[in-house]
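Indexing begins at 1, ligand by ligand and atom by atom, following the structure's order. Residue numbers run from 1 in the order of the sequence given.
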Amino acid sequence: MPFPHPGPTPRQYGSAFQRWLVIGVVALNLVMVTIAVQSLLASRERAIAQAGGNAMNLAALLELSVADSARRIDLGLLSIVDVLESLGSERVLSDEAIERVLQQHLARHPAVDAFRVSNRDGLLLWGKGVDRQAPVSVADRAFFPEHQAAPGQRLIVGEPVLGRVSKMWVVAFTRSYRLADGSFGGVVTAAVTLDHFTQLLRPLLLGEHGFAAIHHQERVLLTRYPALAGAAGEPGSHDLPAEFVAMLDTRVDSASFQSTHPDQRQRFYAYRRIQHTPFVLSVAIAPEDYLSDWHREIRHTLFLLLVFFGATVFAAWMLRRYWWQISNQTLFLDTLIDNLPLPFFYKDVEGRYQGCNRAFERLLGKPRSEIVGKSVFDMAPTAIANRYHEKDAELFARPGTQTYDWVTSGGDGVRHVIFHKATFLDADGSVAGILGGITDVTEFKRIQEELQTHRDNLEALVAERTEQLAQAKEAAEAASQAKSAFLANMSHELRTPMSGVMGMIDLVWCKTADARAREQLAKAKQSSRHLLELINDILDISKIEAQRMTLEKTAFRLADVLDNLHVLVAHRAEEKGLALQLAPLPEPARAVLLGDPLRLGQVLINLVGNAVKFTESGSVTVDVAVSEETPEQLTLRCTVADTGIGIQAEDLGRVFSAFEQADSSMSRRYGGTGLGLAISKRLVELMGGEIGVDSEPGRGSRFWFSVRLDKADAAGELAANPQETAETRLLREFSGARVLLVEDEPINSEVSCCLLEDVGLVVDLAVDGAEAVAMARANRYALILMDMQMPNLNGVDATRAIRADSLNGDTPILAMTANAYEEDRQACFAAGMNEHIGKPINPDLLFACLLRWLGRRVTG
Ligand code: ADP
């Protein structure tokens, strides 16, 4: 049962996290902005307070400076007054003396542009720039009447005026002097240029927009530094800020105020009266200047805020990216776990499920919301929960992995499962919980059980089949044995009458002197041989199929083989009007060779026979060439060419297969079994050669084969005296020797006796094995010829008995049998026989064999 996924989707995860990230960044930046604003405000307050203090301090310092300067000027005036009054009392007050005093004082007081002295009428008679002829009067100046009223009392400083003598803006410091009688004598003035006061203001550093000014208490401007362009900046100007005027009216010594006068720029003013003078000092500083540091601080703070904002945005972006990666991984893992086909869960150290996948939900039959946060005790009966808990406790006690089999019952019924659990660690390396995977092996178990059942059944089935196969094998073996026995019997049964026929022909041939009859007998014998060979073909192919074909190795002449071939096929070629041409043998091929002449002849007869058979006109040519020669061996290449019907190219490949004919319609026309070439191919291969054909349909065929044959050495019987036949040698060397012939078949025994006696041997005949053994025990023989299949005792057992106990333990025993199989030969040799002569008996081969063994003794 699928349960809805309870968690938020990836998009929900993302937007919630991003919202909180934005809120975090904004809040953090708001806090920083608030702190920065508060700090800047406090800093501004401090800057303003500091600027106010500075202005006031500067004003105080400036006051001291101006007051000091005024006091010095006053001291100069007092000194001049003193001189004038003392000279006056001594009545020596001359013009020169006064002028001298004034010059001396002028030299001592650089701040003073000119000292001048008036008479009691106010006419300036002495001092710098005075024209005594046309004296200037100061009687109209405000200070004059005041001094007249109270002579010698006090310093009076006038408002700035344009000097009548100097034509410069000056401030007049004045004192009166008295005459000797104590009456008012006149006024001493010190004209101080406004530039002097300007110089006093100059050292102050008040910023680009600040200035310092000295006013007369009568609201007249003395000087301002830096100077202000326009009428308001001119000395004598009455253009004052209202706040300043208000301050003057309050008569306080010092104060401060703000004003935008005179250029609409906001400034802070420190106001101070200069003691003992009618001057008022003001120091004005502009916010642009005293807040410039603060403005720089604002810029720095803004920059830092921007950096902070950038850093927090970058950090948030990185965090978001990192979070995105982590959440991607988490989501991937969630999806992976969720889609695992195996149930999967994880718990904390308290055993509470922290998560699971869908397969686990299915296994428990509960949705995730009913699993997460719960322990097994909330979901299973206490007894079962306790078992789960014990397993978890084991794992916690030995952190690592744990695997065990379990049986659960949930939504899907009873399940066989395997738990794979492992502890997992948190970041500080302590065990944080358990991961668990569950492999459901219910199906596997079911299949295993089914398989076991199948296996049990299969074993029974296999046992049954094995039994049947064993029986079938036994039956097949029995059949094979029966076939072999049948073939052996057939071979015997067919060969035996053939032996009789051919033996009789030999017999008649031996006894007749008529040349024509002999020739006819010879043909009859050749035909019989051919018939026998046809029978042999069938037997040969069965031997080939059974891989039991073996070859003789006897001395022979190739010329004899070719003569025999000629005898066999010449009359057939003649009948068809074909020219049978046997090319003369090359010299090496005339030597006596070792091999199986019968089988070699069989191949040649087959090829030439076919050539004659499939050729209607023309010729059949047999050619023998020596393709290779070593001291020991010759390789012959025999070619049989005809001018017959030829073979289609597509049939060339299969003519050497057993029972194959190039064109099966031919078999009706030409006869044949399709065995000849298959037997030839196998025989050629056994003789170490190969066979092949080139053919052109309608033009003829050219069959060829190669064979490798050993050369017979000098001891070879045939090689010894090629002119003398075995027959002649037997007559000459062994005439009168006594041999035992063991043969049960009367015709065969008659034929054999005749042949043996013809070469001068004395023959004793035994009709079965038992009689042979008895005769061998009674007589000693030069040689024993032993048939194989006989009543009473067969040839093999008779030989064993003779070898074991007789007078002929070392007499050569030659088998004479139609049993042509290799195992028959082996059985002969095993029983103690020395040679194996096949039936029907070839007289030449028989005589060669007799010659080889007569006169020899063998070791038993
Ligand atoms: P058989 O001659 O008894 O049929 P072989 O094995 O000797 O069997 O020959 C197989 C087949 O090869 C023949 O049936 C014939 O079709 C073909 N063949 C053999 N020799 C010749 C030849 N000289 N010319 C044409 N066809 C040939």
Check your understanding: Which is it for Leu677 and ligand 1 at heavy atoms under 4.0 Å: side chain, backbone, both or neither?
Key -> both

Exercise for review: Evaluate whether atom CZ of Arg702 has more than 12 neighbouring non-hydrogen atoms of other residues, nucleotides or ligands under 6.0 angstrom away.
Suggested key: no

Practice item. Please check if atom CD in Glu745 has more than 12 non-hydrogen atoms from other residues, nucleotides or ligands closer than 6.0 Å. Key: yes

Check your understanding: Heavy atoms, side chains only, cut-off 4.5 Å: are Ile784 and Leu814 in contact?
Key -> no

Review point. Would you say Ser701 contacts ligand 1, with heavy atoms under 4.0 Å as the rule?
Key: yes

Study note, to complete from the structure: Numbered in order shown, the ligand 1 atoms found under 4.0 Å of a heavy atom of Gly646 are 25 (C)

Review point. So is there a nitrogen or oxygen of Ile645 less than 3.5 Å from a nitrogen or oxygen in ligand 1?
Key: no

Check your understanding: Crowded around Glu574 CD? As in, over 12 foreign heavy atoms under 6.0 Å?
Key -> no

Exercise for review: Of the side chain and backbone of Phe656, name the one, both, or neither that has a heavy atom under 4.0 Å from an atom of ligand 1.
Suggested key: neither

**Study point:** Non-hydrogen atoms of Asn808 and Thr811 that approach each other most closely
**Key:** OD1-OG1, 2.9 Å

Review point. Numbering the atoms of ligand 1 from 1, which are under 4.0 Å from a heavy atom of Ala611?
Key: 23 (N)

Check your understanding: Does any non-hydrogen side-chain atom of Ile647 lie less than 4.5 Å from one of Phe614?
Key -> no

Review point. Minimum heavy-atom separation for Ala766 to Glu771, with atom names?
Key: CA-OE1, 3.0 Å

Check your understanding: Please, which pairs that meet salt bridge (charged side-chain N to carboxylate O under 4.0 Å, His left out) have at least one residue in residues 622-634, sequence neighbours excluded?
Key -> Glu629-Lys711

**Study point:** ligand 1 contact on Asn606 by region, counting heavy-atom pairs under 4.0 Å
**Key:** side chain

Revision key, fill the gap. In ligand 1, the atoms that come under 4.0 Å of a heavy atom of Phe703 are 19 (C), 20 (N), 21 (C), 22 (C), 23 (N)

Review point. Looking at Lys613, which atoms of ligand 1 are within less than 4.0 Å of one of its heavy atoms?
Key: 1 (P), 2 (O), 3 (O)

Check your understanding: Which ligand 1 atoms are under 4.0 Å away from a heavy-atom of Val655?
Key -> 12 (O)

Point to revise | Region of Asp642 that comes within reach of ligand 1 [heavy atoms, distance under 4.0 Å] | key: side chain

